[in-house]
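Quick notes on the structure that follows.
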Protein chains: 2
Amino acid sequence: MARLEDVARAAGVSASTVSRALSRPDMISESTRHRVLAAAEELGYRHNAAARALVTGRTGLLAFSVPSLANPFYAPVIAGAQEAAEKAGCELIVVVTDGSPEREKALMDRLADRVDGFAAAGPRSTGDTLAAVARRLPLVTLNRRVRGASSVVIDTPAGMTGLGAHLAGLGHRRIAYLGGPDAGSWLDPRRLRALRESVPDREVVALTPYPPEFEAGVRATDAVLETGATAVVAYSSTLLLGLLHRMTTLGLSAPGDFSLACADDLSAAGLALPDITALHVPAAEAGRRTVERLLELAAGSRGESATHQLLPVELLVRTSTGSPATP
Amino acid sequence: MARLEDVARAAGVSASTVSRALSRPDMISESTRHRVLAAAEELGYRHNAAARALVTGRTGLLAFSVPSLANPFYAPVIAGAQEAAEKAGCELIVVVTDGSPEREKALMDRLADRVDGFAAAGPRSTGDTLAAVARRLPLVTLNRRVRGASSVVIDTPAGMTGLGAHLAGLGHRRIAYLGGPDAGSWLDPRRLRALRESVPDREVVALTPYPPEFEAGVRATDAVLETGATAVVAYSSTLLLGLLHRMTTLGLSAPGDFSLACADDLSAAGLALPDITALHVPAAEAGRRTVERLLELAAGSRGESATHQLLPVELLVRTSTGSPATP
DNA sequence: TTGAAAGCGCTACCAC
DNA sequence: GTGGTAGCGCTTTCAA
């Protein structure tokens, strides 16, 4: 592999000049720059990332941890994050925690000095652990707010409030809630609470937790029917799909036999359901904001104080919700 | 951040000794080792990855590129890969190419000297590009075979042969094939060809390409019905889900009205369909093998020759396929 | 078994 | 605008 000095020799200049020609082109005369660039090209020169990181303390890498890749919610999140990283000339690397706090902590630990910043989607570690990480390197949490770290949170609880009002307005008196994809999610209990508080005079039956799986939705159907609820809110699209399938098979349909709503509209993940009333969650936007904030932290002075962003969701009222049949 | 020398001073030994105590414990007397380890612990010492990489030439990082995270097939692949990497004490980092050959090439380029090896799932670059990458660093391709690079391929074409025979045996004379998730997939045309060749005296109508999306399956239904086929083979689970939903809504069911089969059984991605005849693809196993081979290459001598693994798939005959109704 | 010293490839400071 | 030089933090000869 060609080194800086090889290029220097070939171009008839010093190594410092080559370094500048490559990293700070404006500090170099045009003619020298051309010569250096030509020589570098000729030799197929490439920066040695380790040497550069050693002296600058920067790696050009940003880590993004997700609990699981099986949850389609993270696909658009990562896509948005990637876009923001690319714009800043950074590489975004994705790591999977499997929802394990230990694994998550180990990952942050081992990656801490190999990346310029760490974004954690739905982190499961304790607040103290996260705060400690935030002291070591730029950290942004997505869909969880902790003291001492910047965060981006999609306001699905507020969305649930809207959804609850919508269903109550239609006259539903008993609503079944199919819990979030992850038992340890910070947001999940907040969503349920928001739903409950939005319809204080109605009954909300929580069926939870259910994994975000098609078959889980199929299995959940009987439980839902047993509750006697006239409306169902499912947190995950995949889950709703299974529920819908089973209900259709049983000859039931929305909104005639029951109302159906979904708390995440995963259009970007190929799971959008055209006629289902849903909360549109700005997943890509959330990923983008997370990385943008991370870049700010990485560029800025240490000890900058944490910021917290709350992203609104949109209620998409479609044809799967309506007034309950009056028996 | 504590450096090696800080630990050395604290333990009353030289930096070399600390280095050895940490990396080659067997070269050090037990008492010294204990002292060093205690001092390191005390100071919260952590290796500096950049410095280490600079001198050893190894980073402890393995990259795994995937075309898209929206395709649930890759979730179990990455999970298996992760497991293998963990076992070897490496970090697995995932990068997304968006199915763009340019992006893929750029990623390999920019990551080449920051990782110890590169695994590429369903790569879209030309064979020459991939071969060139393989000359620079250990490279393993998944679900694509190219000259000059090691590969792991899941033998879905053979699975299609089995599936074709199964459907022909049931008496189906016209079979609709819903194409693979990715237009540029190396395997997709091979699957279709295998299906065709397995039933030379039957008609195979290829409806392709369809993205792996629920709604695409819904949309595809009319096209499928128009073909007059009595059996449908869908490549993607997500697609099949949409198809199934629409057909159920239309009052059609399998295997009475038509036979239904799926070419990937994504149980690990939460999309398994309990009653659907499907090919079980060993996705996690494929991810594991890919990384294991990568580790061999990274450990072994340069210029080791490429190996090619073919992983069998299993035909799971379930209740969604049967003999066509005789009109 | 341990220590001293060289050096991995680069950037940044200080002269010129 | 350019070159010399020091040094980032570590591993690894080589001597003791």
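Letters go in sequence order (proteins before strands), and every chain restarts at 1.
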Check: Is the number of heavy atoms from other residues, nucleotides or ligands within 6.0 Å of CD (A/E5) greater than 12?
Finding: no
Margin query: Please report the distance, rounded to the nearest Å, between CG in A/L54 and P in C/dT11.
Written below: 11 Å
Note to self: Whole angstroms only, please: what is the CZ-C1' distance between B/R52 and D/dT12?
What the structure shows: 13 Å
Margin query: I need the CG-P distance between A/L4 and C/dC8, as an integer number of Å.
Written below: 13 Å
Check: Has A/R46 got more than 12 heavy atoms of other residues, nucleotides or ligands less than 6.0 Å from its CZ?
Finding: yes
Next item on the list: Check whether any side-chain nitrogen or oxygen of B/S16 sits under 4.0 Å from OP1 or OP2 of C/dT2, and answer yes or no.
Entry: no
Notebook entry, point to check: Between atom CG in B/D113 and atom C1' in C/dC10, what is the gap in whole Å?
Noted result: 12 Å
Check: Whole-Å distance between D/dT2 C1' and A/H34 NE2?
Finding: 18 Å
Notebook entry, point to check: What nucleotide, of C/dC10, D/dC10, C/dT11, holds the atom closest to the side chain of B/H47?
Noted result: D/dC10
Check: Can you check the B/M27 CE to C/dT2 P distance for me, whole Å?
Finding: 10 Å
Check: A/T56 side chain N/O closer than 4.0 Å to the phosphate oxygens (OP1, OP2) of C/dC10?
Finding: no
Notebook entry, point to check: Looking for any heavy atom pair under 4.0 Å, which part of the strands does B/I28 touch: base, sugar-phosphate only, or nothing?
Noted result: sugar-phosphate
Item checked: Pairwise 5' ranking along DNA chain D for B/T17 and B/A51, keeping only the more 5' one -> B/A51
Note to self: Could you check whether B/R103 pairs with A/E86 (Lys NZ or Arg NE/NH1/NH2 to Asp/Glu carboxylate O, under 4.0 Å)?
What the structure shows: yes
Notebook entry, point to check: The side chain of B/R3 lies closest to which of these nucleotides: D/dC10, C/dT11, C/dG9?
Noted result: D/dC10
Item checked: Phosphate contact (D/dG1 OP1 or OP2) by A/T32 side-chain N/O below 4.0 Å -> no
Notebook entry, point to check: Can you tell me how far P of D/dC8 sits from CG of A/N48, to the nearest Å?
Noted result: 18 Å
Notebook entry, point to check: A/S151 pairs by side chain to side chain donor-acceptor pair (under 3.5 Å) with which of A/R293, A/H308, A/R145?
Noted result: A/H308
Next item on the list: Could you tell me whether the phosphate oxygens of D/dT2, OP1 or OP2, come under 4.0 Å of any side-chain nitrogen or oxygen in A/S29?
Entry: yes
Next item on the list: Identify whether the distance between the nearest side-chain nitrogen and carboxylate oxygen of A/R136 and A/D109 falls below 4.0 Å.
Entry: yes
Check: Quick one: the side chain of B/R20 and the base of C/dG3, do they pair up donor-acceptor inside 3.5 Å?
Finding: yes
Next item on the list: Can you tell me the distance, in whole Å, between the CZ atom of B/R24 and the P atom of C/dT2?
Entry: 15 Å
Note to self: So, does B/S14 get its side chain near the phosphate of C/dA4, meaning an N or O under 4.0 Å from OP1 or OP2?
What the structure shows: no
